[in-house]
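Notes for the one structure printed next.
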Amino acid sequence: MTTTSPAPARPAVVPMPPAPPRRVRRHGRSEWKGLAFVAPFLLVFLLVFIAPVVYSVYLSLFREQLVGGNAFVGLDNYVALAIDAQFWEGFGRVVLFLVVQVPIMLALALVAALAIDSARLHASGFFRIVIFLPYAVPAVVAVLMWGFIYGDDFGLAANLNDWLGSDVVTPFARDWILVSIGNIVTWEFVGYNMLIFYSALRIIPTDLYEAAELDGAGPMRVVTGIKLPALRGAIVIATIFSIIGSFQLFNEPNILRPLAPNIITTFFTPNMYAYNLSFAGQQYNASATVAIVMGVITAVIAYVVQLRGSRKEER
């Protein structure tokens, strides 16, 4: 008698759960609302930044000629600027101004911020206001005030020379004019940069100070080990702003020019050169070329500083 083995049981089929309904992304009203919020900024940005830049590039590619009017010349204006001795003299002057004045100004601002942030300085709020106050003075008023102080025939410099019996203090001399302008700019912007550094110091976690105190770190060790590394980003930002401001140097020499017309020329800085080419010489195409070249140079240098600063911060 033969026996047959029973057939294996089939596994139970578990029904799959139904797929969740697909959400249909609705475009339209939400995107228009977002666009409506940013539209005012985009409009102002296009009108006050993009449009002037595009128009300046357009002007730099043309030249007003006696015959034919405004004619397209391509890159001829840039070639002429490359061999313009007056432009390069002014450019070299602002580079020297940047290399000397900016480190001094940032160092003073850094020392002031560290002193105010420390608990050893009494009446820190008073000193913070006093150091920042010159930045609140309008630039024109500040330059006029310092111009009166620098005057050879009036003001503090003239009084000191009369008291000493010789021309010892000569802020408007050819060898000292750049130092005099640098003193004005430093006086104006130390407080601004101090506020940037001080704001960065105030957001350092207190846990770091407590850990340093437990480890027996002294005040200088706290500064070098905690505060200065935390200020690296703020220093990069202040340096970029100072570089841009140095290449845009205009108000101080332009306002002081009537007091020292033989020393401060119309091409003392690139911005003064572009201004006088446009409004005094009616050479709008050449002025636009100077503006475009200085804008590109400033953007490249600022980008390099930012790139190097961000790399050091990552390390």
Side-chain angles (χ1 to χ4, degrees), residues 52 56 59-60 63-64 76-105 138-158 161 167-189 242-299 301:
S56 297
L59 287 177
S60 67
R63 182 181 299 166
E64 191 72 26
D76 288 355
N77 289 328
Y78 293 93
V79 174
L81 185 64
I83 58 176
D84 191 339
Q86 293 182 342
F87 168 76
W88 290 112
E89 180 181 341
F91 180 79
R93 191 174 289 114
V94 295
V95 170
L96 177 62
F97 181 87
L98 186 156
V99 172
V100 176
Q101 187 268 338
V102 169
I104 294 175
M105 178 181 63
V140 175
V141 176
V143 178
L144 290 175
M145 179 183 68
W146 280 98
F148 180 82
I149 295 174
Y150 289 159
D152 296 333
D153 300 324
F154 53 85
L156 181 61
N161 290 332
D167 294 336
V168 178
V169 183
T170 55
F172 289 140
R174 189 176 301 275
D175 296 334
W176 290 99
I177 186 64
L178 205 59
V179 177
S180 302
I181 295 175
N183 177 63
I184 298 175
V185 175
T186 302
W187 181 81
E188 288 179 306
F189 290 98
S242 300
I243 290 172
I244 296 173
S246 297
F247 281 123
Q248 292 179 344
L249 186 64
F250 176 78
N251 282 333
E252 290 78 11
N254 191 57
I255 296 174
L256 292 176
R257 187 169 178 268
L259 300 177
N262 297 325
I263 306 300
I264 303 177
T265 59
T266 57
F267 52 90
F268 190 80
T269 67
N271 267 12
M272 286 187 63
Y273 190 36
Y275 174 84
N276 287 285
L277 282 175
S278 178
F279 291 96
Q282 306 297 317
Q283 301 181 43
Y284 304 112
N285 306 103
S287 176
T289 306
V290 175
I292 293 298
V293 170
M294 288 304 301
V296 171
I297 293 174
T298 304
I301 295 177

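Here the structure is a predicted model, which means the values were calculated and not measured.
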Intermediate values then yes/no, side-chain contact (heavy atoms from CB on, under 4.5 Å), Phe87 and Met294: CA-CA 10 Å; Phe87 168 76; Met294 288 304 301; 3.9 Å; yes
Residues Ile177, Phe172; criterion side-chain contact (heavy atoms from CB on, under 4.5 Å); working and verdict: CA-CA 5 Å; Ile177 186 64; Phe172 289 140; 3.7 Å; yes
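Looking at Leu256 and Trp146, their side chains never come closer than 4.5 Å, going by heavy atoms from C-beta outward. Proximity of Pro270 to Phe247: side-chain heavy atoms (C-beta onward) are nowhere separated by under 4.5 Å. Contact of the Tyr150 side chain with the Leu259 side chain is not registered, since no non-hydrogen atoms from C-beta on lie closer than 4.5 Å. Looking at Gln282 and Glu64, their side chains never come closer than 4.5 Å, going by heavy atoms from C-beta outward. Annotation: side chain of Leu178 is in contact with side chain of Phe268 (closest heavy-atom distance under 4.5 Å). Between Arg93 and Leu249 there is no side-chain heavy-atom pair separated by less than 4.5 Å. Taking 4.5 Å as the limit, every side-chain heavy atom of Trp176 sits out of range of all side-chain heavy atoms of Asn183. Under the 4.5 Å side-chain criterion, counting only non-hydrogen atoms from C-beta, Phe91 is in contact with Ile297.
In this structure, Asn77 and Ser60 approach most closely via the heavy-atom pair ND2-O, 2.7 Å. Asn161 and Val168 get closest at one heavy-atom pair: OD1-N, 3.1 Å. When all heavy atoms are compared, the tightest approach of Ala288 to Leu59 is CB-CB, 3.7 Å. The two atoms that bring Arg257 and Ile264 nearest to each other are NE-O, 3.1 Å, heavy atoms only. Annotation for Ala274 and Ser287: closest pair O-OG, 2.8 Å, computed over non-hydrogen atoms. The nearest pair of heavy atoms linking Leu144 to Ile255 is CD2-CG2, 3.7 Å.
To the nearest 0.5 angstrom, Leu277 atom CG is 11.5 Å from Phe279 atom CZ. Here the straight-line distance linking atom CD of Gln248 with atom OG1 of Thr298 works out to 7.0 Å at 0.5 Å rounding. The line from OG of Ser246 to CD of Gln101 is 5.5 Å long, rounded to the nearest 0.5 Å. A distance of 8.5 Å separates CD1 in Ile184 from CD1 in Ile149, rounded to the nearest 0.5 Å. Annotation: the span from Glu188 atom CD to Met105 atom CE amounts to 10.5 Å, rounded to 0.5 Å. Atoms CD1 and OG1, from Ile181 and Thr186 in turn, are 11.5 Å apart once rounded to the nearest 0.5 Å.
Not a single donor-acceptor pair under 3.5 Å links the side chain of Asn254 to the backbone N or O of Phe250. Put simply, the side chain of Ser56 never gets that close to the backbone of Ile292: no donor and acceptor are under 3.5 Å apart.
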